[in-house]
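Reading through the C-alpha cells given below for one structure.
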Amino acid sequence: MSLQIYDTKIGKKIPFTPLRDNHVRIYACGITAYDFCHLGHARSALVFDMIVSYLRHSGYKVTFVRNFTDIDDKIINRAQKQNTTCAELSQRFIDEFYIDMKALKITPPDYEPRATEHIPEIIDIIEKLMTKGIAYQADGDVYFEVEKFPQYGSLSGRNLDDLKAGARISINKIKKNPMDFALWKASKPGEPKWDSPWGEGRPGWHIECSAMSRKYLGDSFDIHGGGEDLVFPHHENELAQSEGASGKPFANHWIHHAFVTIRDEKMSKSLHNFLTIREVLKRHQPEALRMMVFATHYRHPLDFSESGLRDAQTSVNRLYNCMAACAALTDGTESSKAVATRAEIDKLRSLPDRFQEAMDNDFNTAQGLGCLFDAVKSINRISQALPAPPAQADINLLRRGGADVTKLAQIMGLLSQEPQAYLAGYQEKHLTAVGMDKAELNKLLEERIAARQNKEWGRADEIRDLLLAKNIELKDSQDGTAWYVAGDRGQ
RNA sequence: GGCGGCGUAGCCAAGUGGCUAAGGCAGAGGUCUGCAAAACCUUUAUUCAGCGGUUCGACUCCGCUCGCCGCCUCCA
C-alpha cells in the first residue's frame with residue numbers, strides 16, 4: 001500500500017505520485033503578517049511540518065515553500081491605525097512568527113518568500129493574463145475575468161451561478177462580473193506602491209502566491225495547501241490565475257486542514273475567541289500541543305480546551321516514561337528465560353509497518369499514535385516482567401522497540417528530547433511553578449528518609465502530605481525516595 | 001438560499017461491508033508498600049444520533065429526520 005492523500009479538488013483520497021522522479025514540491029500558504037499568531041496558525045504549521053517530515057521519512061526529496069503575505073488591505077489598515085509603515089508592521093510580525101515557530105520546534109521550510117520581494121514576478125503573471133485576454137484593466141486596477149476561465153470554481157465545487165446567487169459581494173461597477181477579482185490595485189495616497197505597466201499600485205491578495213509558487217516550484221508542482229478557509233476564494237483564484245497564465249495544470253494535490261475551534265466554534269480574529277501561540281506555550285509544553293494536534297486527524301476540527309491539553313501532556317509523559325525505562329535497561333544474559341510473548345514480539349517488530357500503513361492513509365497521525373502507544377504497552381509489560389538477570393533476547397527486543405518508537409514519534413516532533421533530560425526538566429519546571437527550590441525539597445526528603453528508618457511514621461507521613469499539597473508525590477523504593485509531579489487536574 | 005463536513009464509551013479520538021469497534025485521558029480493581037503514591041498491569045461501548053432501505057450480513061453504502069459546525073466577506 002502506498003501513500004494516499006485526500007485531494008480537496010476531487011473530494012476523495014487518491015494515490016500520491018510525485019510529478020518529477022522522487023522529488024516532492026510543496027507550497028503552503030503562510031501568514032498575512034499583521035498580528036500575533038493564534039492556535040489555528042500553529043495547527044497549520046504543525047500539520048505541514050508533519051507532512052514534510054513524513055514524506056522525507058518515506059524517502060522523498062522535498063522542497064517546501066511557505067510564504068509571507070506582507071502587503072494587503074489588512075496590513076495597510078493596521079499600519080495606518082498604529083501610525084507606522086506596512087514594511088515595519090509586517091517585519092515586526094514576521095519576527096514574532098519566527099519566535100513562535102522556534103518555540104513549537106517547527107523545521108524551517110526551504111524557502112520563505114515574501115510578496116513584496118516578488119513584484120516583478122507578480123507583474124509578469126499579470127502581463128501574461130492580459131496578453132491572453134483573461135484579465136482587463138479598469139481605471140488603475142487590473143481584474144481577472146472569471147468568465148474567461150471556464151473551470152472557475154472547480155476547486156471549491158462552485159459555479160458562477162451559485163456564487164452570484166449567494167452574492168454578498170460588494171457592488172463594484174467597474175468589474176465586468178461581480179466575481180472578478182483584483183490582480184493589481186491602483187494605489188491610494190499614502191499606501192505602498194510599485195511601478196507597473198498599469199500605473200503605480202500594489203498586488204491583489206491572491207496573485208503573490210501564484211507568482212512565488214511558480215518561481216520556486218515551477219508552473220506545475222505536487223502539493224498546495226493551507227487551512228480550509230483558503231479553499232475559496234484564495235486558492236480558487238490562485239488556481240485560475242496560475243493555470244490561466246501558464247496553460248498548464250497548477251497543483252497536483254490540494255491539501256486543506258480543518259480549523260481549531262473553541263466550544264465548537266471556529267477560532268478567529270473576528271470572533272475574538274482566539275488564543276495566541278505564546279499564550280498557550282506559557283502554560284503548556286510544545287510537545288503537549290503537538291500531541292493534542294496529532295491525536296486528531298488533520299481534516300477534522302480540533303476543539304481546543306485546557307483539559308484536553310493537560311490530557312495530552314499526560315500522554316506525552318507516558319511516552320517519555322517508557323523511553324526512560326528503555327534507556328535504563330542493562331545488558332542481559334543468554335541463560336535467562338525470555339518473557340516476551342509471541343504476540344508482543346510481533347507487535348513490536350511490526351510497529352514500523354503498522355505506523356507506515358496508518359500514515360500512508362492520508363497522514364492518519366491519530367492512528368499512528370495509537371500504534372505507538374500499543375508498542376509502549378508491550379514494552380512496559382515486558383520491562384515489568386523482566387527477571388533479575390534479564391534475557392538478552394528481551395533486552396534486544398525492548399531496545400529495538402524503544403528506538404523505533406522514538407524514531408517514528410519524531411516524525412510528529414514528539415520524543416524530541418532525551419527522556420531523562422525531559423523528565424528532569426518537567427520536574428524542575430514544576431518546582432519553580434509551586435515556588436519550591438531543590439535544596440528545600442532535598443532537605444525534606446532526607447528528613448523523611450531518616451524518619452522512616454526510625455519508623456517515625458507520623459513525621460514521614462506529615463512530610464509526604466506537605467509535599468502532596470504542592471502536587472509533589474513520593475515513591476519509596478529500595479534505592480531511596482523518588483518524587484514526581486502529580487496529575488495537574490483541577491487547576 | 002447554494003455548497004460541504006460532523007454526530008463512535010464519562011471526556012478526547014481512530015476505524016471497518018462480515019474475524020475481539022485502535023489508542024489517550026479520567027474511573028474501578030491489582031502488583032508494590034509501614035501506610036501511601038508515581039510508574040506498571042488488568043478492566044471500562046452486545047454497540048457506533050434516530051428512523052427506514054440495499055445486502056446473506058451495515059456502525060461502515062443509500063434515503064429521510066434531529067442536532068452541531070464550516071465556506072459562500074477578511075481569516076490557518
Side-chain angles (χ1 to χ4, degrees), chain A residues 8 11 28-32 34-35 37-48 72-74 77 153 156-159 161-170 179 205 225-234 236 256-261 264-271 274 291-292 295-297 299-303 305 307-308 310-319 321-322 324-325 354 358 361 364-374 376-377 380-381 383-385 452 455-457 460-461 464-465 467-468 472-477 481-487 489:
Chain A
T8 307
C29 283
I31 58 161
T32 297
Y34 72 102
D35 206 344
C37 290
H38 58 62
L39 247 20
H41 301 104
R43 185 181 200 187
S44 187
L46 253 11
V47 164
F48 284 100
D72 94 322
D73 293 353
K74 290 189 297 295
N77 292 337
S156 56
R158 295 153 212 258
N159 58 53
D161 292 337
D162 291 345
L163 287 166
K164 267 182 224 157
R168 279 201 262 169
I169 300 131
S170 60
M179 295 313 300
W205 173 35
E228 255 179 355
D229 46 359
L230 296 181
V231 176
F232 191 91
H234 186 56
E236 190 71 69
H256 292 96
H257 64 262
F259 302 129
V260 176
T261 61
D264 292 326
E265 272 193 327
K266 179 182 175 182
M267 183 179 285
S268 74
K269 297 199 171 148
S270 44
L271 290 173
F274 63 90
M291 179 62 81
M292 184 170 82
T296 302
H297 184 87
R299 282 191 288 111
H300 290 182
L302 171 62
D303 200 46
S305 68
S307 63
R310 280 197 298 269
D311 289 355
Q313 177 67 260
T314 309
S315 61
V316 168
N317 291 355
R318 178 177 171 83
L319 240 34
N321 276 317
C322 177
R354 286 182 295 119
N361 182 16
N364 194 335
T365 52
Q367 195 174 33
L369 283 170
C371 298
L372 256 29
F373 280 107
D374 238 14
V376 164
K377 180 174 283 194
N380 285 336
R381 215 287 306 171
S383 312
Q384 208 72 12
R452 291 186 68 231
K455 300 201 191 298
E456 294 164 12
W457 308 127
D461 291 351
R464 190 176 61 208
D465 292 343
L467 292 173
L468 192 57
I472 292 168
E473 285 178 345
L474 303 180
K475 175 196 175 186
D476 300 320
S477 72
T481 297
W483 64 275
Y484 300 90
V485 178
R489 290 176 302 286

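Proteins get letters first, then strands, A, B, ... in listed order; numbering begins at 1 in each. Source: prediction; values computed, not measured.
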Whole-Å distance between [N] [atom2] and [X] [atom1]?
X: Met267(A); N: rC69(B); atom1: CE; atom2: P; result: 16 Å
X: Tyr34(A); N: rA76(B); atom1: OH; atom2: P; result: 7 Å
X: Arg299(A); N: rG4(B); atom1: CZ; atom2: C1'; result: 12 Å
X: Glu228(A); N: rC72(B); atom1: CD; atom2: P; result: 11 Å
X: His41(A); N: rA76(B); atom1: NE2; atom2: C1'; result: 5 Å

Q) Is the distance from OP1 or OP2 of rC74(B) to the nearest side-chain N or O of His234(A) less than 4.0 Å? A)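 Result: no.
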Q) Is there a side-chain polar atom (N or O) of Asn321(A) under 4.0 Å from OP1 or OP2 of rA39(B)? A)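 Answer is no, no contact under 4.0 Å.
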[N] and [M]: how far apart are their [atom1] atoms, nearest whole angstrom?
N: rU44(B); M: rG2(B); atom1: C1'; value: 45 Å
N: rG27(B); M: rC12(B); atom1: C1'; value: 15 Å
N: rU47(B); M: rU42(B); atom1: P; value: 25 Å
N: rG18(B); M: rG10(B); atom1: P; value: 25 Å
N: rU54(B); M: rC69(B); atom1: C1'; value: 30 Å
N: rC59(B); M: rG52(B); atom1: C1'; value: 16 Å
N: rA38(B); M: rU33(B); atom1: C1'; value: 12 Å
N: rU8(B); M: rU46(B); atom1: C1'; value: 15 Å

Looking only at side-chain atoms of [X], point me to the closest of [options].
X: Asp264(A); options: rA13(B), rC69(B), rC74(B); result: rC69(B)
X: Ser270(A); options: rA76(B), rC74(B), rA26(B); result: rC74(B)
X: Asp311(A); options: rC40(B), rG24(B), rC71(B); result: rG24(B)
X: Arg318(A); options: rC40(B), rA76(B), rA26(B); result: rC40(B)
X: Lys266(A); options: rU16(B), rC41(B), rG70(B); result: rG70(B)
X: Ser315(A); options: rC40(B), rG24(B), rG70(B); result: rG24(B)
X: Phe259(A); options: rA14(B), rG70(B), rG2(B); result: rG70(B)
X: Phe373(A); options: rC72(B), rA76(B), rG23(B); result: rG23(B)
X: Asn361(A); options: rG15(B), rC74(B), rA14(B); result: rG15(B)
X: Thr296(A); options: rA76(B), rA13(B), rC71(B); result: rA13(B)

Taking all atoms of both residues into account, what is the closest heavy-atom pair of [X] and [Y], and its distance?
X: Met291(A); Y: Ser315(A); value: CG-OG, 3.4 Å
X: Met292(A); Y: Ser305(A); value: SD-O, 4.4 Å
X: Ser156(A); Y: Phe232(A); value: OG-CD1, 3.4 Å
X: Gly368(A); Y: Ala358(A); value: N-CB, 3.7 Å
X: Val260(A); Y: Gly40(A); value: CG2-CA, 3.9 Å
X: Ala295(A); Y: Ala366(A); value: O-CB, 3.3 Å

Look at all strands and tell whether [X] reaches a base, only sugar-phosphate, or nothing, counting heavy atoms closer than 4.0 Å.
X: Ala295(A); result: sugar-phosphate
X: Met292(A); result: nothing
X: Gly11(A); result: nothing
X: Val260(A); result: base
X: Arg43(A); result: nothing
X: Lys377(A); result: sugar-phosphate
X: Gly226(A); result: sugar-phosphate
X: Gly227(A); result: sugar-phosphate

Q. If each of Leu468(A) and His297(A) is mapped to the nucleotide of RNA chain B with the nearest heavy atom, which maps nearer the 5' terminus, i.e. the 5' end?
A.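 The residue whose closest nucleotide sits nearer the 5' end is His297(A).
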Q) In terms of the nearest nucleotide of RNA chain B, which residue is placed more toward the 5' end: Asn380(A) or Ser156(A)? A) Ser156(A)
Only pairs with both distances under 3.5 Å count, Watson-Crick or wobble alike; so what is the partner of [N] in this structure?
N: rU46(B); answer: none
N: rC40(B); answer: rG30(B)
N: rC11(B); answer: rG24(B)
N: rC59(B); answer: none
N: rG1(B); answer: rC72(B)
N: rU54(B); answer: none
N: rG67(B); answer: rC6(B)

Q: Keeping the roles fixed (side chain from Asn364(A), backbone from Gln367(A)), state whether a donor-acceptor pair exists under 3.5 Å.
A: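 Indeed, once roles are kept as given, a pair shorter than 3.5 Å links the two residues.
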Q. Between the side chain of Thr314(A) and the main-chain N/O of Arg310(A), is any donor-acceptor distance below 3.5 Å?
A.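 A pair under 3.5 Å: yes.
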Q) If you measure from the Lys or Arg side-chain nitrogens to the Asp or Glu carboxylate oxygens, is any gap between Arg464(A) and Asp461(A) under 4.0 Å? A)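 Here Arg464(A) pairs with Asp461(A) in a salt bridge, since their nearest N and O are under 4.0 Å apart.
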Can you name the atoms? Protein N/O to nucleotides 32-36 of chain B N/O, anything below 3.5 Å, with the distance.
residue: rG34(B); atom: N7; partner: Arg452(A); partner atom: NH2; Å: 3.4
residue: rG34(B); atom: O6; partner: Arg452(A); partner atom: NE; Å: 3.4
residue: rG34(B); atom: N1; partner: Asp461(A); partner atom: OD1; Å: 3.0
residue: rG34(B); atom: N2; partner: Asp461(A); partner atom: OD2; Å: 3.0
residue: rC35(B); atom: O2; partner: Arg464(A); partner atom: NH1; Å: 3.4
residue: rC35(B); atom: O2; partner: Arg464(A); partner atom: NH2; Å: 2.9
residue: rC35(B); atom: N3; partner: Arg464(A); partner atom: NH1; Å: 2.5
residue: rC35(B); atom: N4; partner: Arg464(A); partner atom: NH1; Å: 3.4
residue: rC35(B); atom: N4; partner: Asp476(A); partner atom: OD2; Å: 3.2
residue: rA36(B); atom: N1; partner: Asp476(A); partner atom: N; Å: 3.3
residue: rA36(B); atom: N1; partner: Asp476(A); partner atom: OD2; Å: 3.3
residue: rA36(B); atom: N3; partner: Arg464(A); partner atom: NH1; Å: 3.3

Q: Quick one: sort the His38(A) and Phe274(A) rings into parallel, tilted or perpendicular, breaks at 30° and 60°.
A: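 The arrangement is tilted - the two ring planes meet at 30° to 60°.
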Q) Does the pair Phe259(A) and Met267(A) meet the rule for a side chain to side chain contact (heavy atoms under 4.5 Å, CB included), with working shown? A) CA-CA 7 Å; Phe259(A) 302 129; Met267(A) 183 179 285; over 6 Å; no
